[in-house]
Amino acid sequence: MTATLERGLNALREQIDAPVASFFTSCVSCGLCAEACLFYRETEDPQYTPIKKLDLMRRVWSREFTLLGRIGGWLGLTKPVTDADLTAWETLVYDSCTMCGRCTLVCPVGNDLTMMIRKMREGMSASGHGPVELIGAAQRHIDGNSAMGDLSKAIHAQVKNAVEAAGIPIEFDKPGVDYMVILSAQEIAEFPDVLSAMARIFKKADVTWTISNAAFEATNVGIQLGSRDIARTLVQRVVDAAESLGVKGVISPECGHAYQALRWEGPNLIGRAYNFEVIHIIELLDQLRAQGKLKTKGKNSRKLTFHDPCQINRRGGINKEPRRLMNMVAENFVETEDAGTMNWCCGGGGGVGANERAAPLRNIAFKRKKAQIDKVNPDAIVTMCAYCHHTLDNVLEEFNMEQEVLGLTELVAEYLDEDA
Amino acid sequence: MNNPAFDLLMWARGPGFDIALVIFVGGIVLRLFEISILGRKRDLAPAKGNGFLQGLKTIFSRSVPREGLVKFAPVTYIGGYVFHIGFFVAFFFFAPHIALIDDAFGISWPAAGRVIIESVTALTVLALLALTYSRFTDPVRKSLTTFDDYLVLLLSALPLITGYVAVNKLFGDPTMMLAVHLLTVEALMIAFPFTKLMHAVSFVLSRYYNGSIQGRKGAES
Amino acid sequence: MANKPLLPEMMKTHGVSRRAFLKYCASLTSLMALSPAMVPRVAKALESAPRPSVIWLSFQECTGCTESITRSHSPTIEDLIFNSVSLDYHHTLQAASGHAAEAAREQAMKDNYGKYLLVVDGSIPIKDPGYSCIAGISNLDMLKETAAGAAAIVSVGTCAAYGGVGHANPNPTGAVAVSEIITDKPIINVPGCPPIPVVMTGVLAHFLTFGIPELDALGRPKAFFGESIHDRCYRRPFYDKGKFAESFDDEGARGGWCLYKLGCKGPTTHSACATVKWNNGVSFPIEAGHPCLGCTEPDFWDNGGFYKPLSVPSGDYRKMGLAAIVGGAAIGTASALLSKAGKAKAVKAHETVNAHDLEKSS
Amino acid sequence: MDCNHPSAKKPSATADVLSFVATGNASPVLHEVKHALIQLLKTGAESVIDLGAIPFAPGDDRVLNEILGIGEVHATLTVMGESHVRETAIPGVWCVDHLDENGEYQSRFIEVTYMPNILKTQREDAERGLETLAERLGALDDRR
């Protein structure tokens, strides 16, 4: 059994529902989605107009889901989607879209283009048009425990370091605790300080937590590649682990698509609601702040700005929480233009960051984010997604920019009032 | 002796309108059924916000452009607003049109004066010209434009132009121009359900879906 | 007949002054929409016009046209104009009847063959000519016979001009206009139900002075039918301002607002009613508060209802709309079910995607 | 001025409202009058403007009346209904209104002339006047 055109088209057919039909019906090809897209804005190449990236799906819908399209198809007025078409669209669907969701918010007729890209990727991947890096990551994660391969040794080592740094024990597989923490591979590999930060904050707030050996990885390449089957398998692992530990909730870490995968897609993938809640770390910190369980002392005096990760804010609904936390710890917090719901993507989301082929385009697209940062010219950029963090680190370096990138959890922990 | 213009007018007011109406109404219902029966799966993720209310809100709120975007596509935005508002005013506030609505639904409201209707109509046609021009020149618009788009632009412009000509007796026999005006409207009605004109109805669904998807997540829309 | 007095003599005997004649000529010139510079020419032409013999045939009609034209209470110049023609046959007005009347017609035709003016009111039934006969002669035969020797024909009233009420749906008698039968003679249509008497005399005056007036595509003298009621209506400013009477007794109706919404056909009706008016210039339907029926236009009876605004469809469209909703729903459902079946098939054909079979086989 | 002579139909309450409804045609007519007056003074050419040929609303009449004003001469003729011949406050510009026996307007003109023709006795009428006078004198003589 291999990827074929027919499987791809079938996957597209499976994805077409009332919203998709309504969106394609409503499109008046005004092209305003292009103005919202960082890839179009920086290249001014009309092929990057978001709705154009969906054209194959539109053709399937038109030919097979509308009366007139069906008649046109019978009469041979329209051509079916071919494998060559899919090949031609591969780079448009995977390289020039981070699924950042800006187009979804500007479309005057209200088309959720991002949701349709997500659906279109189902057909692309099933027909064998997924980027190799994402396929590799999927294989590694399915076969092992992380998109980066086997990270079980790494996590144990990082936890050990954190326990030493914070002086607080972190237990694996402890049943009955409040939360099970999952981490993005990026955090485990690059930003492990978040572990000690969480340990200190949770200790102060009397929140108990654990890490599961069976499911500590939060990322879900199935979402980016566009494969519900793979995404389901990965979500199921987390759900099984959490439910066997009997935790009250799972903390979704500073990772954009992981939140999207577990919090919003997950129940729909496995076909049922969970027996636990999923909460984003920043949501939880803000809750603790509101309950008076999180108190800080002192403030960072540098000029700080905040980068909203698309999947957590624009497509995840966590907007005010990080700002309240920022104001707790930042003396000089400045917002960039378009900050918040309409923030510009770092350019690495939606699997684009992992896609080598997309690197040159990604660097061009980053100029949008760069312009946004340049205007404010902060000393450091705070964010709440490890992958944004990772992308920003890389491209800032590429563009010889001086700014430091910080994780919000670590920043909050830095000013934790140990005496309160 | 027959007056061909009068006969055409009577055809346009009689069988012509009936045919157009059946295709228009039947077509819209057909398309809406075609869309909505497809359905969507119930979202099993616990909601953070009220998707239903935000969906309703988005139907209206999406009429306002996002801050700062107008300057990137001024022709599309301004032309689009002028056209939509202009078409709305010219259609809903010109007395003969109100008379039609009154006859069909038994509701009516005060009509606008000739100066308003005619200047609005002229502006609306200008907006259409600007939008058409941008479809020829702007790279994004150009790459997206299909035959359907030009057809829709033409079909939207014709009733405005013929209506203006008929009311002002710019040329042709006024009865004939009135008939031609009705026929262009009927062409618009017939094309409506099967072209991009359908957005004028389906936008409600799309905006609702968009708003409800975002709203459930507690995200803005 | 040939020794009938000329107009100046008649004016003299009726005690009409030259000044009155000049006044009449000025008003007539204005009425015929000629330039005031033409007044002397009109006066001269009227003074020296030869007086043709006129034969007036009434077919399927209501006598309303004749009533209209004779509806002048005081002697006016219009009467004189009529008096200056030789009305040799008009079966309603003439004293003679029966064989004597028909003999008068035949005599006039014989005496003035090729020169007389034929005036017709009423439509002609052609389904069965027996539907309307005079002295045993069918309308069709009498028209053909009389038209043969006519210099020109004036079709008075909408019936003669366009078929009128007889021609209205379903037209049981197969009524047609004069112009459908006679095609080899100049025909001046003076439609209206009935026509305005002043317009009638104006047309006759024009015929007497300058010959056949300039006609529009429907055979009507442009001077009287060149403009629409709507364009000359004193209520037009209300239309332009968007002020309309919604019913016959509302504030708008009392305020003299536009009657468009009450079905006024002014915009598509060409007539001089709004300027010349009726009953010696007293008023016209719209001034009396009633919408124009459009009686000077062909098939005005079948224009979708006198009280239906022009912009309102004439058919029973609501029923059609309801049927369309049902039909659209049925087809839409069928189409959607077909789509769903396709989708279900795709779901059934779905093979679980394995991370290891995402690369294309080739 | 009022070309609407009191003997014409009484203006109603709605007419007052209507007097503010205008087509905007008064101004071009007044310019035409000015041009005609220039021609009259330059070449002696007389002009007649037919007000029935131009769409006029009551508001236009009001403007026309305000600008032209009321002059020195006002003659009422009784010729098959009344006619009113009046000079406006602009000498050389006359208003000539022909009414029928019912007091309804037949036609309305603005004449730009030193003397409207209709005021003059017509030769034919004078001839008939002479005949009448002769007849009456004859009758008088017969009585004697």
Side-chain angles (χ1 to χ4, degrees), chain A residues 16-23 25-36 40-41 44-47 49 51-52 65-68 101-102 104-112 115 263-268 270-274 277-278 313-319 337-338 340-342, chain B residues 30-31 34-46 48-49 58-59 62-63 65-69 72-73 76-77 80 134-135 138-146 148-149 152 194 196-199 201-211 213-221:
Chain A
I16 293 171
D17 57 4
V20 171
S22 157
F23 295 155
T25 303
S26 297
C27 177
V28 289
S29 54
C30 68
L32 292 177
C33 46
E35 314 299 338
Y40 169 75
R41 276 282 281 276
E44 299 208 334
D45 184 340
Q47 68 165 328
T49 304
I51 192 69
K52 270 188 97 80
F65 290 78
T66 70
L67 182 68
L68 235 58
R102 283 188 108 247
T104 292
L105 290 200
V106 305
C107 177
V109 292
N111 291 350
D112 190 346
M115 175 261 250
R263 173 69 175 89
W264 300 114
E265 276 207 39
N268 299 306
I270 67 167
R272 66 172 174 88
Y274 309 143
E277 67 158 339
V278 175
N313 183 339
R314 184 160 41 246
R315 297 189 69 72
I318 300 174
N319 185 359
E337 197 180 24
D338 296 328
T341 305
M342 288 307 282
Chain B
L30 186 163
R31 292 299 307 274
E34 204 172 61
I35 293 166
S36 52
I37 287 182
L38 278 178
R40 59 169 169 168
K41 285 208 179 107
R42 196 164 64 88
D43 191 347
L44 299 169
K48 196 174 161 184
T58 307
I59 294 172
R62 196 52 72 86
S63 302
R66 289 271 158 194
E67 209 185 311
L69 264 172
F72 290 101
T76 307
Y77 269 115
S134 85
R135 289 218 174 267
D138 181 279
V140 171
R141 260 48 72 181
K142 197 174 167 184
S143 79
L144 286 174
T145 303
T146 57
D148 192 345
D149 294 295
V152 162
F194 307 108
K196 290 181 180 178
L197 291 166
M198 184 65 192
H199 82 276
V201 171
S202 69
F203 86 94
V204 176
L205 282 181
S206 296
R207 285 184 182 178
Y208 172 78
Y209 285 136
N210 187 311
I213 292 167
Q214 290 286 98
R216 268 189 76 84
K217 297 178 181 176
E220 286 180 35
S221 58

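For the numbers below, each heavy atom of this structure counts, side chains included, while hydrogens, waters and symmetry mates do not. Every chain is numbered from 1, with letters handed out A, B, ... down the list of sequences.
Contacts of B/Asp43 with chain A are made by both backbone and side-chain atoms, with heavy-atom separations under 4.5 Å. Residue contact with chain A, scored on non-hydrogen atoms closer than 4.5 Å, involves the side chain of B/Arg66 exclusively. With a 4.5 Å cut-off on non-hydrogen atoms, B/Gln214 touches chain A through its side chain but not through its backbone. Neither the backbone nor the side chain of B/Ile59 comes within less than 4.5 Å of any heavy atom of chain A. Both the backbone and the side chain of B/Ser143 come within contact range of chain A, judged by heavy atoms closer than 4.5 Å. Looking at B/Pro65, neither its backbone nor its side chain comes within 4.5 Å of chain A, counting heavy atoms on both sides. For chain A, the nearby part of B/Arg42 is the backbone; its heavy atoms alone come within less than 4.5 Å.
Among A/Arg263, A/Met342, A/Arg315, the residue with the largest count of heavy-atom pairs under 4.5 Å with chain B is A/Arg263. Ranked by heavy-atom pairs shorter than 4.5 Å toward chain A, the options B/Arg40, B/Arg207, B/Lys41 are led by B/Arg207.
Formation of a donor-acceptor pair under 3.5 Å by the A/Ser29 side chain with backbone atoms of B/Thr145 is not found in this model. Judged purely by atom type and a 3.5 angstrom limit, B/Arg31 has no side-chain atom pairing as donor or acceptor with the backbone of B/Phe194.
Looking at residues two or more places apart in sequence or on another chain, you find a ring-ring contact (aromatic ring centres under 6.0 Å, His included) between A/Tyr274 and A/Phe276. Legend: residues meeting salt bridge (charged side-chain N to carboxylate O under 4.0 Å, His left out) with A/Arg41, ordered by chain and number and at least two apart, are absent.
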